[in-house]
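This report refers to the structure that appears directly beneath it.
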Amino acid sequence: MTLGLSISGLRVSAPSGRILLDVEALDFAPGTCIGLRGPSGAGKSTFLLTIAGLIEAMSGRVTWGDDDLLAMSAPARARFRRQRMGLIFQDFLLFEELSAAANAALPGAYASRTRQRGIRGRADVLLQKLGITHGARTVDSFSGGERQRVAVARALAGDPAIILADEPTASLDRTAADRLTDDLLGLVREEGKTLIAVSHDPALHACMDRVIDIVDGRISQDRAAA
Ligand SMILES: Nc1ncnc2c1ncn2[C@@H]1O[C@H](COP(=O)(O)OP(=O)(O)OP(=O)(O)O)[C@@H](O)[C@H]1O
């Protein structure tokens, strides 16, 4: 399954009333890899949280396929996120005392037995593809690059249509960052998933299909990557 994103008249406000995001119209075709960049505090993470349905104080339309996030109840949004989205963050957010396989299979935590088995199998295949063959070792002894590859396997294990990444290469050195970018984009493209990645890393943006600049909560530039 692939899903595209359509946004119109989106506004996100802080409790003070300050507008954090103001996006008139934006469409992402299914299966596109999109980079988001902009100065610190511009609203990139807020944008990512908004399209993940994690922000309440928003108005407008944020539609994934036929599903309008604002029209859903909070539990329906959480279910949608669980079934359709994989999330990757800068600081990995792994369970330190678990193995790579157990971390990567976490999207199965709330799933039926049958789906859990499928997710475990997919997690193992993804870890193999990502070169993580560390058996029962717990991830607390993994390098940053290895940890982030476990996070990539976890994001993809539930076979979600959408992958959202916030600074996926920021904690890595250049070599590990480039490898992670190659691995992530390779897997995402192989399966036709939609990827949206916030990053300050020009090397990551150079691999994307489209790069969008956000400044002061607004889209200042939107172009197909060279
Ligand atoms: N819950 C909130 N209440 C008030 N202000 C907020 C809230 N969340 C974010 N902001 C503000 O919104 C602005 C955008 O924040 P955001 O984290 O989206 O920026 P960013 O572009 O991701 O920055 P960085 O590159 O530094 O991570 C910042 O000024 C931040 O302080």
Side-chain angles (χ1 to χ4, degrees), residues 5-28 32-64 69-70 72-75 77-78 80-81 84-94 144-145 147-148 151-152 154-155 160 162-174 176-178 180-181 184-185 188 194-225:
L5 175 69
S6 180
I7 292 178
S8 61
L10 171 66
R11 274 195 160 206
V12 177
S13 315
S16 64
R18 181 185 151 210
I19 305 289
L20 303 179
L21 262 187
D22 186 351
V23 179
E24 204 170 301
L26 189 62
D27 288 281
F28 296 164
T32 321
C33 294
I34 294 174
L36 294 178
R37 65 184 177 191
S40 188
K44 303 179 298 296
S45 298
T46 305
F47 181 86
L48 215 58
L49 293 173
T50 301
I51 63 176
L54 284 163
I55 287 194
E56 290 294 332
M58 59 176 176
S59 58
R61 276 170 63 83
V62 177
T63 307
W64 284 107
L69 288 182
L70 276 90
M72 290 181 200
S73 64
R77 270 209 299 268
F80 179 85
R81 207 167 29 248
R84 302 274 178 255
M85 290 180 180
L87 308 177
I88 303 168
F89 300 95
Q90 171 180 349
D91 45 9
F92 322 124
L93 299 180
L94 301 176
R147 295 160 81 83
Q148 197 57 309
V152 167
R154 179 185 54 189
I162 307 153
I163 302 290
L164 303 181
D166 200 354
E167 300 280 6
T169 60
S171 303
L172 310 179
D173 65 27
R174 191 66 267 151
D178 289 343
L180 193 275
T181 299
L184 173 61
L185 284 158
V188 160
T194 305
L195 169 69
I196 301 169
V198 165
S199 182
H200 288 286
D201 181 357
L204 183 139
H205 290 305
C207 300
M208 304 304 252
D209 302 318
R210 188 171 157 197
V211 179
I212 293 175
D213 289 87
I214 300 186
V215 176
D216 282 340
R218 292 168 189 268
I219 291 174
S220 72
Q221 209 174 142
D222 180 354
R223 60 173 175 232

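Counting convention: from 1, in listed order, for ligands and their atoms alike. Index from 1, following the sequence. Computation of the quantities below employed the complete heavy-atom set of this structure, encompassing side-chain atoms and omitting hydrogens, waters and symmetry-equivalent molecules.
The shortest side-chain heavy-atom distance between Ile212 and Leu26 falls under the 4.5 Å cut-off. Looking only at side-chain heavy atoms (C-beta outward), Glu24 and Ile219 stay at 4.5 Å or farther from each other.
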With side-chain contact (heavy atoms from CB on, under 4.5 Å) as the test, would you mind laying out the steps for Ile7 and Phe28 before giving the verdict? CA-CA 9 Å; Ile7 292 178; Phe28 296 164; 5.9 Å; no

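For residues 38-54, no pair satisfies salt bridge (charged side-chain N to carboxylate O under 4.0 Å, His left out), with sequence neighbours left out.
Residue Gln221 places its CD atom among more than 12 non-hydrogen atoms of other residues, nucleotides or ligands, all under 6.0 Å distant.
With rounding to the nearest 0.5 angstrom, the OG1 atom of Thr181 is 8.5 Å from the CE atom of Met208.
Within 4.0 Å of ligand 1, the residues that place a heavy atom are Ala14, Pro15, Arg18, Leu20, Pro39, Ser40, Gly41, Ala42, Gly43, Lys44, Ser45, Thr46, His200, listed by chain and number.
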